[in-house]
S.K.: 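One structure is given below, represented as structure tokens, and several questions about it will come after.
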Amino acid sequence: MKNLKGKIVALLLIAVAIAGILATCRVYLNVIQLDEIGGFSGIYIKNLVYKLIFAAGAFVVIFIATTVTNRFVKKNFNRYLEQNSLPVRKMPNILLALVIAAIGAFISREFFYDKALSFINSTAFNEAAPLFNNLDIGYFIFQRPFYISIYQFISSLWMFIILYTAAYYIIMFLLVFNNVTLQDMKVKSILRHNIINIAVFFLIKAVTYRFQKEGLLYSEFFNVKGAGYVDVNVWMNYFSVAPFLLVAIVAVAFWFMWKEKMRMAVYSIAVFPAAWIVVAIISMVVHGVIVKPNEVQMERPYLRYNMQQTRAAYGLDKIKSHDFPEMKELTPEIINRNLETKNNIRIVDYDATLRSNIQLQSNTNFYTFKNGDIVNYVVNGKEIPVFLTARETDKSRLPENSYINRVFRYTHGYGLVINPINKLTEQGQVDFLLSGLRMDSVDKENLHLTEPRLYYGEMTNDYVIVNPEGAGKLREIDYDGSAETNYSGSGGIKLNMFNRALFALQYADINMIISGNIFSESRLLLNRNVIERAQMALPFIIIDRDPCIVITSDGRLKWVLDGYTTTNYYPYSQDMGGYNYIRNSVKLTVDAYDGTVEGYIIDSTDPIINTYAKMYPGIFKDEAIPEDISSHMRYPEDLFNVQTEVLKRYHIDPDSQERDNISVFYGNQDRWDIAKYPDRSSPEGVKDIESYYNMIKLPGNLGTKEELVLMRPFTPSGEKNNMVSWLAVRNSSKNYGEMVLFNFPKNTNILGPDQVEVNINQIGEISESITLWGQNGSEVFKGSLLVIPIEDSVLYVEPIYIKSSRNSSIPQVRKIVVGYQQGNDFKYGVGNTLDSALENLFKGISDTPVKPDDSKVPGEGATPPEETVNDDKQKVIDNITSKYNDMKKQLDELGELIEELNR
């Protein structure tokens, strides 16, 4: 028997040792990965220390509670055995308590640490919470969650003790008597023990009523968040009295138990749930008799709280408002006064431009473009909006999908493509400011790359292994597939034998152990997806899903990502799916070559990010975000979309003196919708217009020159499609995040995008051209319809594309439609370019519709049929010439590369 116990102990010790070694290795791997990202292991280590502290604390508390319970169970049960002339039994205590405490500590290891860190480092909002003037909003976000976590732990522990105590007695009865009855559990000492446990639970429960009272700020009334009339006047009073009532009930129950009147003790405890039922009935009566007949008046102060707090939580209270006194018809004079706005109008569509770049600029089978972004750049002395796309490697398109190719050879992308969004070639295709594998640039000062390689990107979801120059190992495929390179950056983790073994186990990759292409100076580049990499570095913020790549002043490529702070504890604020407060407080950069992550606080007024900065000092850069990054900053579309969704209902200012806005809000009388445009794929046939970037001069006195703004128009809710307003957010570093709501005159019917689209579809030459173009199997589609504000007028712009049904076809803009509103009519102009469309708009004429190319689809350069107009003939010739020049240029580059390799 002793040998068996010894073996069991030895096996347990071995298991603990193995678990300890595995845990240590896991910690080591996390630390070296976070340090490789950019020195972010401090977050992980601090969190780990707090987890261990609270796990140890939980272990001690659970162990003490279980040990004491075991002693009482043993004492009571053995006394019962002695009273019945039976021998006492040995009952497990310490070992059982240790096992239960270890399990409980493991379960609760993640329960406290983050709330404790927020509690210790909390930052005040300097704003009192509604209904609790003595409590700052910061209390609800940083302190209350920690208090609740402590209460929940103690409450859950004691509920476990109640069940555990009853189960322990039952098991002992079964072991001794092979049976247990209700009468057995009525033994006075055993019953008293269980009733005392329940009474203690009620005393613990008394503490929660403060939290329940505060929690009414997150309840719901009239389809909005917060405490309503019934909550404030019935339930808050009940939660104020309930703790004292509960303590009194427990005291009376204890007195009855002392007098051994168990039935009266049980009746006393039953008073409490009965009181709750009575209050619930009273609340229903109050709502039906007092609130419902005059709801708007009864709920007025609480609706105001919801409106104020929701607007503040989503930053809508900072919106500037600009009302157009009247809308004017667009004229050539207005256009001439705003030539920069006109010249920067986006006439290329996002998806079509990306598709064109994939066809024209991939250059090899294994390069492609996943995404693109619109930012502002100074090109040849003029600030313009441009479209940037990074050229990344698509591992699914490798010439041979071997381990060597995936891990050692095809390791990185190469360069990027920059397109002007306000300019097309004569063939209607996208133009280029930076293009080709040579990084041909129209402005070598501002659009110049010194390091075009991308080892970290949006498509880099795997790990690669690189070797230094002169190592005599496999070299990496570079450029167009015919050149080679070696990584010389600081990214990655050196693969000494220990690291090789650990990562081979982590990735289940035996090749990492046996490959002769790896030695101690080889580097493992991992966590290469920039979104996941940034999220790994800063796990406490939400990383935006759309990173943007920019060129730094020294010619390197950096990804710029947005970080959000959120909470769901902002009192009275409307929930938007998991959070009811959000701020774009952080910008992060990820170097595309070495993967270094750097974080910058851009909104120091946000108490949440200030709390995180105190929790993890040194994580964010002390200096301001570099100018070569800030000059190309753009407001994130995802956040703007959330804000515009909230604004649909909460654009109404509750404190306005012009009208009774609370009644308007209550009746949904001025609710907005996002402007719609036709979409055949949607069941409703329409779709919300997406937010879009424009470079315009803001109307009124808000802007002195053209700047990049993100904007979205609104229409009234219901079946109305006329525009009532549009929201713009500024992107410049000086005015970053400043939002302006432009309101159209209420007595004027301004055409919305859906109405404009209907008018465009009714243009005879457009409908005829679309029909003719589509007869030869070509695909005709429209680009995004843009609403361009110019002074007190609105210009509508929409490109019309044509492409072959083949995947290799390149989309071409064949027509551009522009228009404005004249009274209730839509005045339009159609042209092959924006200038010709505007010229025709004011002449009242349009170009002759282009007839279809019956002999060859667009993008393939065939001779058009006889009936095609001369203008289109020249376009086809120009297209062929352009393709010939592109091919010759690539052959020249290839020749130069071969010469370099020979040298």
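Sequence positions, counted from 1, serve as the residue numbers for this chain.
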S.K.: Does Y693 use its side chain to pair, donor to acceptor, with the backbone of P385 at less than 3.5 Å?
M.R.: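 Checked: no pair found.
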
S.K.: Do you know the tightest heavy-atom contact between M633 and S733?
M.R.: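 Taking every non-hydrogen atom into account, CE-CA, 4.2 Å.
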
S.K.: Do you see a donor-acceptor pair shorter than 3.5 Å between the side chains of T353 and S356?
M.R.: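 No, no side-chain donor-acceptor pair sits under 3.5 Å.
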
S.K.: Could you verify whether a donor N or O on one side chain and an acceptor N or O on the other, from D351 and Y801, lie under 3.5 Å apart?
M.R.: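 Distance-only check fails for D351 and Y801.
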
S.K.: Using residues 704-711 as the side-chain source, report each donor-acceptor pair under 3.5 Å to any protein atom, sequence neighbours left out, with the distance given to one decimal.
M.R.:
| residue | atom | partner | partner atom | Å |
| --- | --- | --- | --- | --- |
| E706 | OE2 | T341 | N | 3.4 |
| E706 | OE2 | T341 | OG1 | 2.9 |
| E707 | OE1 | R730 | NE | 3.0 |
| E707 | OE2 | R730 | NE | 3.4 |
| E707 | OE2 | R730 | NH2 | 2.8 |

S.K.: Closer than 3.5 angstrom, by distance alone: can the side chain of Q821 be matched with the main-chain N or O of N749 as a donor-acceptor pair?
M.R.: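 Yes.
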
S.K.: With a cut-off of 6.0 Å (strictly less than), are more than 12 heavy atoms of other residues, nucleotides or ligands near CG of N365?
M.R.: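 12 or below, so no.
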
S.K.: Is a donor on one side and an acceptor on the other found under 3.5 Å between the side chain of Q755 and the backbone of G752?
M.R.: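 At least one qualifying donor-acceptor pair exists.
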
S.K.: By the definition side chain to side chain contact (heavy atoms under 4.5 Å, CB included), identify the one residue from D431, I347, V430 that meets it with P420.
M.R.: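 Checked D431, I347, V430 against P420; only one passes side chain to side chain contact (heavy atoms under 4.5 Å, CB included): D431.
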
S.K.: Rounded to the nearest 0.5 Å, what separation is found between the CD1 atom of I551 and the CG atom of L416?
M.R.: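 Here the interatomic distance stands at 5.0 Å.
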
S.K.: What heavy-atom pair brings L698 and A728 nearest, and what distance separates the two atoms?
M.R.: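 Residues L698 and A728, closest heavy atoms: CD2-CB, 4.4 Å.
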
S.K.: Given 3.5 Å as the limit, does a donor-acceptor pair link the side chain of Y828 with the main chain of Y820, or not?
M.R.: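 Pair absent, no side-chain N/O of Y828 close to backbone of Y820.
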
S.K.: Calculate, to the nearest 0.5 Å, the distance between atoms CG and CG belonging to N343 and N338 respectively.
M.R.: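 So the CG of N343 and the CG of N338 are separated by 10.5 Å.
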
S.K.: Please step through salt bridge (charged side-chain N to carboxylate O under 4.0 Å, His left out) for the pair R453 and D478, ending with a clear verdict.
M.R.: CA-CA 9 Å; R453 295 170 184 83; D478 197 37; 2.7 Å; yes

S.K.: To check you understand the geometry: which heavy-atom pair defines the closest contact between I674 and T715, and what is its length?
M.R.: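 Looking at all heavy atoms of both residues, the closest pair is O-OG1, 4.1 Å.
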
S.K.: Can you see which heavy atom on P753 is nearest to which on V787, and at what distance?
M.R.: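 Closest approach of P753 to V787, heavy atoms only: CG-CG2, 4.1 Å.
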
S.K.: Please test I802 against E779 for side-chain contact (heavy atoms from CB on, under 4.5 Å), starting from the C-alpha separation and ending with a verdict.
M.R.: CA-CA 6 Å; I802 183 171; E779 178 186 347; over 6 Å; no

S.K.: Which pair of heavy atoms, one from R355 and one from P811, lies closest together, and at what distance?
M.R.: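 Of all heavy-atom pairs spanning R355 and P811, the closest is CD-CG, 4.0 Å.
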
S.K.: Going by ring pair (Phe, Tyr, Trp, His ring centres under 6.0 Å), F744 matches just one of F714, W672, F324. Which one?
M.R.: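 By the ring pair (Phe, Tyr, Trp, His ring centres under 6.0 Å) criterion, F744 pairs with just one of F714, W672, F324: F324.
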
S.K.: Indicate yes or no for a side-chain donor-acceptor contact from S362 to the backbone of Q359 under 3.5 Å, with no hydrogens or angles considered.
M.R.: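 No: the side chain of S362 does not pair with the backbone of Q359.
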
S.K.: Check the side chains of N641 and S691 for a donor-acceptor pair under 3.5 angstrom, ignoring hydrogens and angles.
M.R.: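 Per modelled atom types, S691 and N641 side chains form a pair under 3.5 Å.
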
S.K.: Do any N or O atoms from the side chain of T425 and from the backbone of Q427 form a donor-acceptor pair under 3.5 angstrom?
M.R.: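 Yes.
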
S.K.: Would D562 and R545 count as a salt bridge (charged side-chain N to carboxylate O under 4.0 Å, His left out) here? Give the steps.
M.R.: CA-CA 8 Å; D562 289 282; R545 61 184 179 178; over 6 Å; no

S.K.: So, S769 side chain and I766 main chain: donor-acceptor pair closer than 3.5 Å or not?
M.R.: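 No; judged by distance alone, with no hydrogens or angles, the pair does not exist.
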
S.K.: Rounded to the nearest 0.5 Å, how far apart are CG of L841 and CD1 of I816?
M.R.: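 Between L841 CG and I816 CD1, I get 13.0 Å after rounding to 0.5 Å.
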
S.K.: Classify the ring geometry of F742 against W726: parallel below 30°, tilted from 30° to 60°, perpendicular beyond 60°.
M.R.: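 Rings of F742 and W726: parallel, as their planes differ by under 30°.
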
S.K.: About how many Å separate CD1 of I421 and CD1 of I374, when rounded to the nearest 0.5 Å?
M.R.: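 It comes to 4.5 Å.
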
S.K.: Between T450 (side chain) and G555 (backbone), is there a donor-acceptor pair under 3.5 Å?
M.R.: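 Between the backbone of G555 and the side chain of T450 there is a qualifying donor-acceptor contact (under 3.5 Å).
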
S.K.: Which is it for L447 and V379 under the side-chain contact (heavy atoms from CB on, under 4.5 Å) test, yes or no, and what are the steps along the way?
M.R.: CA-CA 8 Å; L447 306 180; V379 180; 4.0 Å; yes

S.K.: Please collect all salt bridge (charged side-chain N to carboxylate O under 4.0 Å, His left out) contacts where either partner lies in residues 357-369, sequence neighbours excluded, each pair once.
M.R.: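 Passing the test, one end in residues 357-369: no pairs.
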
S.K.: Does N336 have more than 12 heavy atoms from other residues, nucleotides or ligands lying within 6.0 Å of its CG?
M.R.: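 Atom CG in N336 is crowded, with more than 12 foreign heavy atoms closer than 6.0 Å.
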
S.K.: Tell me whether the count of non-hydrogen atoms from other residues, nucleotides or ligands lying under 6.0 Å of NZ in K827 goes above 12.
M.R.: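 For K827, atom NZ is not crowded (no more than 12 foreign heavy atoms under 6.0 Å).
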
S.K.: Under the side chain to side chain donor-acceptor pair (under 3.5 Å) criterion, do S784 and D349 qualify, and how do the steps go?
M.R.: CA-CA 6 Å; S784 301; D349 198 53; 2.8 Å; yes

S.K.: Counting only N and O atoms by type, is there a donor-acceptor contact under 3.5 Å from the side chain of R712 to the main-chain atoms of I689?
M.R.: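 A pair under 3.5 Å: yes.
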
S.K.: Go through it in stages, so that I can follow the logic: the residues are D754 and K676, the test is salt bridge (charged side-chain N to carboxylate O under 4.0 Å, His left out), and I'd like the CA-CA distance, side-chain angles, deciding distance and then a yes or no.
M.R.: CA-CA 5 Å; D754 190 39; K676 304 286 192 296; over 6 Å; no

S.K.: Could you list the donor-acceptor pairs under 3.5 angstrom formed between side-chain atoms of residues 387-394 and any protein atom two or more places apart in sequence or on another chain?
M.R.:
| residue | atom | partner | partner atom | Å |
| --- | --- | --- | --- | --- |
| T389 | OG1 | N357 | ND2 | 3.3 |
| R391 | NE | Q361 | O | 2.8 |
| R391 | NH1 | Y414 | O | 2.8 |
| R391 | NH2 | Q361 | O | 3.1 |
| R391 | NH2 | Q361 | OE1 | 3.2 |
| R391 | NH2 | N363 | OD1 | 3.4 |
| E392 | OE1 | E458 | N | 3.2 |
| E392 | OE1 | M459 | N | 3.1 |
| E392 | OE2 | E458 | N | 3.2 |
| T393 | OG1 | H412 | O | 2.6 |
| D394 | OD1 | S396 | N | 3.1 |
| D394 | OD1 | S396 | OG | 2.7 |
| D394 | OD2 | S396 | OG | 3.3 |
| D394 | OD2 | R397 | NE | 3.2 |

S.K.: Is atom NZ of K648 surrounded by more than 12 heavy atoms (other residues, nucleotides or ligands) closer than 6.0 Å?
M.R.: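 Counting other residues, nucleotides and ligands, NZ of K648 exceeds 12 neighbours.
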
S.K.: Distance from S441 atom OG to F432 atom CZ, nearest 0.5 Å?
M.R.: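 These two atoms lie 13.5 Å from each other.
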
S.K.: Would you please test E839 and K843 for salt bridge (charged side-chain N to carboxylate O under 4.0 Å, His left out) and show each step?
M.R.: CA-CA 6 Å; E839 183 180 350; K843 284 184 179 178; 2.7 Å; yes

S.K.: Set out, in order, the CA-CA distance, both residues' side-chain angles and the distance that settles ring pair (Phe, Tyr, Trp, His ring centres under 6.0 Å) for Y736 and Y635, then state yes or no.
M.R.: CA-CA 7 Å; Y736 182 82; Y635 198 79; 5.7 Å; yes

S.K.: Taking atom types as modelled, is there a side-chain donor on N371 or Y350 under 3.5 Å from an acceptor on the other?
M.R.: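 Their side chains do contain a donor-acceptor pair, which is all the 3.5 Å distance test asks for.
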
S.K.: When Y796 is tested against each of I788, N759, I760, L751 for side chain to side chain contact (heavy atoms under 4.5 Å, CB included), which residue passes?
M.R.: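 Testing each of I788, N759, I760, L751 against Y796, the sole residue satisfying side chain to side chain contact (heavy atoms under 4.5 Å, CB included) is L751.
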
S.K.: At their closest point, which heavy atom of P636 faces which heavy atom of N584, and how far apart are they?
M.R.: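 Looks like CD-OD1, 3.6 Å.
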
S.K.: Give a yes or no on whether the backbone of G436 and the side-chain of D440 come within a donor-acceptor separation of less than 3.5 Å.
M.R.: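 Pair absent, no side-chain N/O of D440 close to backbone of G436.
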
S.K.: Please round to the nearest 0.5 Å and tell me the distance separating atom CE of M327 and atom CG of D792.
M.R.: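 Answer rounded to 0.5 Å: 6.5 Å.
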
